[in-house]
Amino acid sequence: MTMTEPQTVCEESGAEVHTFRVSAAAAGTREPGAREPLSPEEREKADGFVQEADRDRYVVAHLALRRLLAERLGTDPGAVPFTRADCPVCGAPHGRPSVAGDPVHFSLSHAGDLVLIAFAPVQVGVDVERHPSSRAVAQTSSALHPREQRELAAVPEGEARSAAFARCWTRKEAYLKGTGAGLGEDVGITYVGTLEGRPAEVPGWRLADLEAAPGYAAALAIRER
């Protein structure tokens, strides 16, 4: 399975991010036995995708996650003990994905041709998104924090505004994945900023923009020790 060298986000955090190209890895997932490490539920979900591209993205992402976790846990990819943390919003056991005992924390995201997987010794979230259309930005920007809406309105329409929106959205998604709240929390509550450079400071968390392919934005959030 083809991937880049992992990005080390910051030395003190111990976080690293692996990037996979779906187009480079999908063929290998169709070979006999390639999907064997997936759970019955994962295989059922993969088979439920109508579009082959969506199915490839899901399978590449989940096989990569299992393989990398297995290396860290000293087990087989099919034996990774996945579980769910309690949701910080309602307390039910459907929060962020984890492995039993939390020996390593991880986060998974995929969009278009990219899959990102982050690992850290503390709670972590990662997100990657394609730059949205101008229409999608116009339809969704009202959900952002009021300050972010003002920042976005000051950016010229077109690719610059789409990039700014994607930058903001990946920061939010990464943070909400890290906390485990996901989109169960209003995305307009926490201010993460839309501007290039260092994201806004969020109490208890460090946010960082990641290198991404042209037309994509990516970000990571890691809980401060």
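For the single chain, residues carry numbers from 1 onward in sequence order. Here the structure is a predicted model, which is why all the values come from computation and not from measurement. What's counted below: heavy atoms across the whole structure, side chains too, no hydrogens, waters or symmetry copies.
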Within the distance-only criterion (no hydrogens, no angle test), does the side chain of R167 pair as donor or acceptor with the backbone N or O of T194 below 3.5 angstrom? yes
Determine whether the side chains of Y191 and E151 contain a donor N or O and an acceptor N or O closer than 3.5 Å. yes
Applying the 4.5 Å side-chain criterion to the ILVMFWY set and letting contacts propagate, would L210 and L195 be lumped into a single cluster? no
Rounded to the nearest 0.5 Å, how far does CZ of R57 lie from CZ of F20? 15.5 Å
Hey, could you give me the NE2/CG distance between H145 and D186, rounded to the nearest 0.5 Å? 10.0 Å
Mind checking the CD-CG spacing from E52 to D54? Nearest 0.5 Å is all I need. 10.0 Å
Review item, side-chain donor-acceptor pairs of residues 71-78, under 3.5 Å, at least two apart:
residue	atom	partner	partner atom	Å
R72	NH1	L68	O	3.0
R72	NH2	E16	OE2	2.3
R72	NH2	H18	NE2	3.4

Side chain to side chain contact (heavy atoms under 4.5 Å, CB included) for K172 and L144? Distances and angles first, verdict last. CA-CA 9 Å; K172 285 184 182 290; L144 301 179; 3.7 Å; yes
Just checking E157: does its CD atom have more than 12 heavy atoms from other residues, nucleotides or ligands closer to it than 6.0 angstrom? no
Contact check, side chains of F82 and L65, non-hydrogen atoms, under 4.5 Å: yes
Correct closest heavy-atom pair for G197 and D209 would be O-OD2, 3.0 Å
Just how far is it from atom OG of S133 to atom CZ of F165, taken to the nearest 0.5 Å? 10.0 Å
Does I222 form a side chain to side chain contact (heavy atoms under 4.5 Å, CB included) with L220? I'd like the steps, not just the answer. CA-CA 7 Å; I222 184 164; L220 176 133; 4.1 Å; yes
Treating T29 as the side-chain partner and A26 as the backbone partner, does any N or O pair qualify as donor plus acceptor under 3.5 Å? yes
Sub-3.5 Å donor-acceptor pair from the side chain of T19 to the main-chain atoms of L116, do we have one? no
Non-hydrogen atoms of A174 and A219 that approach each other most closely: CB-O, 3.6 Å
Any donor-acceptor pair under 3.5 Å from R171 side chain to G193 backbone: yes
Has the side chain of D102 got a donor or acceptor atom that lies under 3.5 Å from a matching backbone atom of V104? no
Flag, side chain of R43 to backbone of L38, donor-acceptor distance under 3.5 Å: yes
Nearest non-hydrogen partners of E148 and T190, listed with the distance: OE2-O, 3.7 Å
Before you tell me yes or no, could you show the steps for I117 and H110 under side chain to side chain contact (heavy atoms under 4.5 Å, CB included), namely the whole-Å CA-CA distance, both residues' side-chain angles and the distance that decides it to 0.1 Å? CA-CA 9 Å; I117 302 175; H110 47 74; over 6 Å; no
Would you mind listing every salt bridge (Lys or Arg N to Asp or Glu O under 4.0 Å) that reaches into residues 119-130, with sequence neighbours excluded? D127-K177
If you look at every heavy atom in A200 and L207, which pair is closest and at what distance? O-CD2, 4.4 Å
So V99 and V80, side chain to side chain contact (heavy atoms under 4.5 Å, CB included) or not? Walk me through it. CA-CA 7 Å; V99 289; V80 174; 3.7 Å; yes
OG of S134 to CZ of R161, rounded to nearest 0.5 Å, is 8.0 Å
Just how far is it from atom NZ of K45 to atom OG of S39, taken to the nearest 0.5 Å? 10.5 Å
Side-chain contact, heavy-atom cut-off 4.5 Å: L108 with V115? yes
Counting only N and O atoms by type, is there a donor-acceptor contact under 3.5 Å from the side chain of T170 to the main-chain atoms of A217? no
Are the side chain of E36 and the backbone of G33 linked by a donor-acceptor contact shorter than 3.5 Å? no
Return the orientation label for the F106 and F119 ring planes: parallel under 30°, perpendicular over 60°, tilted otherwise. tilted
Donor-acceptor contact below 3.5 Å, side chain R223 vs main chain Q123: no
Under a 3.5 Å threshold, yes or no: a donor from one side chain and an acceptor from the other, between E42 and H62? yes
Give a yes or no answer on whether the side chain of D113 reaches the backbone of R21 with a donor-acceptor pair at less than 3.5 Å. no
In this structure, are over 12 heavy atoms from other groups packed under 6.0 Å from E201 atom CD? no
In this structure, which one of V202, L176, V187 forms a side-chain contact (heavy atoms from CB on, under 4.5 Å) with V192? V202
Shortest non-hydrogen contact between G112 and V22, atoms and distance: O-CG2, 4.1 Å
